[in-house]
Amino acid sequence: MADSKREIERKYEATAETRLPDLSRVAGVSAVAHRGVSELDAVYYDTEDLRLAADSLTLRRRTGGGDAGWHLKFPVASGIRDELREPLSDTLPRSFAGLLRSRVRERALVPVVRLVSARDVHHLLDSDGALLAEVSVDRVRAERLTGGDGTASWTEIEAELADDGDPAFLDAVERRLRKAGIRPSASPSKLARALAETAPKRKRNPDGRARRPTAGDHVLAYIRHQNEAIVALDPAVRRDLPDSVHQMRVATRRLRSALRTYRKILDRGVTDPVGDELKWLAAELGIDRDQEVLDARLRARLDGLPRTLVLGPVRGRLRIWSAARRNGSRRRTVAVLDGKRYLALLESLDTLLAAPPLLPAASRAPGRALPRAVLKEYGRLAARVGHALELPPGQDRDLAMHEARKAAKRARYAAEAARPALGRPAKRFAKRMKAVQSLLGDHQDSVVAREALRTLAVQAHAAGESAFTWGLLHGREEATAAARERELPAVWERASRAELRAALGG
């Protein structure tokens, strides 16, 4: 895996005549060390339609300076990016190709911009001589390589925080720069500025008359947002970043739910096959995510026991069992993201959004079309909750509550998708549906945990170990499930109040 670091920096406007103020007067700075001027030559790569730039990603091959090589940067927040580095080579590193696959697909990466910079570097040091930040004055020349032949030149100041530094220190640096009349840059990166300033001039289209958003506009905006989330989370899953698999799975489920809920807006003949593929992807992601959730639950339950009730090598057995299952699921998840079926799904989503199969109801006002879809999902949930409450405790009720959980999730997602159009009523409705989903989810997690605990108990017994602790945890999970079943009627009563539905228009 490529080397990674968190890059926290700020950029400022400058001219060829701009001089840095005395930065030794910044609080915490004991000395300013001038490190001289280095020549940097970087070629930036993207698809011809600039897919990476559209998502604020940067891919470059740079020579010169102390960090020559391939650099790939992912945005985290304003002024913060994760930078991955690979050694200098003639071809794109394989690790970077995988991380960019969800955006690039089968398209070629070509040189789009060349930046040649003269970087005048100053190090801000504390009283121990440790680096606090690097401030540089960069004189940049940009040359467009694809999509035009323009050039541009500018000077800017860059302040980059040292590794593990306090971001507040950059506030102090900025105050000193502002006092000297230096202002923040309007461009988030050199690449963004280069692309803007070297782009071919285009004729402006005359402004058309604005129209009010339709139900179809709102549904498509929600679908587009979830699709963008899937694409953006792909590299995070490959990097095994915390919660990335969960977030990608949620986006997949939300997208599929929207296609199913708003079938009066979008033609099912087109969306159903896409929905089937989204179901497949969510299931594949679930293998890894479900194991992650189960591991955390079992560890938490074990940590909650007094030492006197932990008999035998319980923690070691749980650790080995979890690692074996997690490693296998992790490899499978990455293999899915590398597969042709996943790429075909991403392409089909792009096609759907480029030419949406809108039905006549899509042209209606959101306040008419969207509430009907949300309330239809509520009706499905009400029927499933009622069925679950009629059953006696046992396997049949467990299955019925699991089905009700899935319906609660769809009702919640339907309301969340409608929230931009329906406002506060949809927000309140989604909150109530989430409460039902959370309760039913905890119940289902207890069902899965009991199955795992039984397996662990059998393995421990076969190895001659005490199965006492596993049985104890199994009993506690049974108690948890029973408690959730007792709580369901009250939670459902609050969620099914007529005024919630009336506010939506039902």
Side-chain angles (χ1 to χ4, degrees), residues 46-47 49-57 74-75 100-107 205 208 210-237 244 246-282 285 337 342-367 369-371 373-374 377 409-410 412-423 426-427 430:
D46 206 332
T47 57
D49 56 355
L50 302 178
R51 289 187 164 218
L52 302 186
D55 289 341
S56 300
L57 269 69
F74 290 94
L100 295 172
R101 196 162 184 257
S102 65
R103 290 175 170 87
V104 174
R105 318 285 168 76
E106 302 294 343
R107 295 162 182 82
N205 293 322
R211 64 176 179 83
R212 292 184 179 181
T214 63
D217 292 332
H218 282 280
V219 172
L220 288 174
Y222 183 80
I223 291 172
R224 184 173 292 106
H225 180 70
Q226 302 310 322
N227 181 45
E228 290 171 351
I230 293 172
V231 171
L233 286 163
D234 176 297
V237 171
S244 57
H246 171 58
Q247 293 300 327
M248 188 174 183
R249 188 186 189 194
V250 168
T252 303
R253 284 179 160 177
R254 281 177 169 153
L255 207 164
R256 177 173 178 253
S257 181
L259 295 179
R260 297 176 68 188
T261 295
Y262 295 105
R263 57 185 59 186
K264 298 294 185 180
I265 305 293
L266 298 170
D267 185 355
R268 288 185 60 185
V270 176
T271 62
D272 278 359
V274 178
D276 290 342
E277 291 302 283
L278 288 167
K279 181 180 181 180
W280 160 77
L281 178 59
L285 293 172
L337 300 186
Y342 169 66
L343 278 191
L345 169 59
L346 297 182
E347 289 291 336
S348 67
L349 287 168
D350 284 353
T351 300
L352 187 150
L353 288 166
L358 297 173
L359 296 174
S363 61
R364 296 175 184 168
L370 301 188
V374 175
E377 295 296 349
K409 192 175 297 184
R410 279 184 60 177
R412 172 193 168 191
Y413 291 163
E416 289 176 348
R419 181 180 170 185
L422 305 183
K427 179 181 179 180

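Since the structure is predicted, the reported quantities are computational estimates derived from the model, not experimental observations.
- Taken from CG in Leu370 to CZ in Arg364, the straight-line distance is 11.0 Å, to the nearest 0.5 Å.
- Separation of atoms CG (Asp217) and CZ (Arg212) is listed at 13.5 Å; rounding is to 0.5 Å.
- Of all heavy-atom pairs spanning Leu353 and Leu220, the tightest one is CD2-O, 4.0 Å.
- For the pair Thr271 and Pro357, the tightest heavy-atom approach, listed with the atom from each and the gap, is CG2-CG, 4.3 Å.
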Working for side chain to side chain contact (heavy atoms under 4.5 Å, CB included), residues Leu359 and Leu266: CA-CA 6 Å; Leu359 296 174; Leu266 298 170; 5.9 Å; no
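- Taking Thr47 as the reference, Asp49 meet the side chain to side chain donor-acceptor pair (under 3.5 Å) condition, with sequence neighbours excluded.
- Under the salt bridge (charged side-chain N to carboxylate O under 4.0 Å, His left out) criterion, Asp267 pairs with no residue at all, not counting sequence neighbours.
- Contact record, Ala430 with Ala415: CB-CB, 3.8 Å, taken as the closest heavy-atom pair.
- Between Ser348 and Glu277 the shortest side-chain heavy-atom distance does not fall below 4.5 Å.
- Partners of Arg412 according to the salt bridge (charged side-chain N to carboxylate O under 4.0 Å, His left out) rule, which considers only residues two or more places apart in sequence or in another chain, are Glu416.
- In this structure, Leu349 CG and Ile223 CD1 are separated by 9.0 Å, a value rounded to the nearest 0.5 Å.
- The side-chain heavy atoms of Leu346 and Ile230, taken from C-beta on, include a pair separated by under 4.5 Å.
- The closest donor-acceptor contact from the side chain of Tyr262 to the backbone of Val374 lies at 3.5 Å or more, if one exists at all.
- Pro366 and Ala421 make their closest contact through CB-CB, 3.6 Å (heavy atoms, listed as atom of the first residue, atom of the second, distance).
- Atom CG of residue Asp350 and atom CD of residue Glu347 lie 5.5 Å apart, to the nearest 0.5 angstrom.
- In terms of heavy atoms, Ala282 sits closest to Arg249 at O-NE, 3.4 Å.
- Arg103 is linked by a salt bridge (charged side-chain N to carboxylate O under 4.0 Å, His left out) to Asp55, counting only residues two or more places apart in sequence or in another chain.
- Contact annotation: the side chain of Ser257 never approaches that of Lys409 to less than 4.5 Å [non-hydrogen atoms, C-beta and beyond].
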- prompt: Taking it one step at a time, do Arg105 and Arg101 satisfy side chain to side chain contact (heavy atoms under 4.5 Å, CB included)?
  reply: CA-CA 5 Å; Arg105 318 285 168 76; Arg101 196 162 184 257; over 6 Å; no
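- Judged as a side-chain hydrogen bond (donor to acceptor under 3.5 Å, both in side chains), not a single pair has a partner in residues 223-233 (not counting sequence neighbours).
- Separating the OG1 atom in Thr261 from the CZ atom in Arg254 is a distance of 13.0 Å, to the nearest 0.5 Å.
- In plain terms, the two heavy atoms of Ser102 and Tyr342 that are nearest each other are CB-OH, 4.0 Å.
- Every residue was checked against the salt bridge (charged side-chain N to carboxylate O under 4.0 Å, His left out) condition with Arg260, not counting sequence neighbours, and none meets it.
- Atom CG in Leu52 sits 5.5 Å away from atom CG in Leu100 (nearest 0.5 Å).
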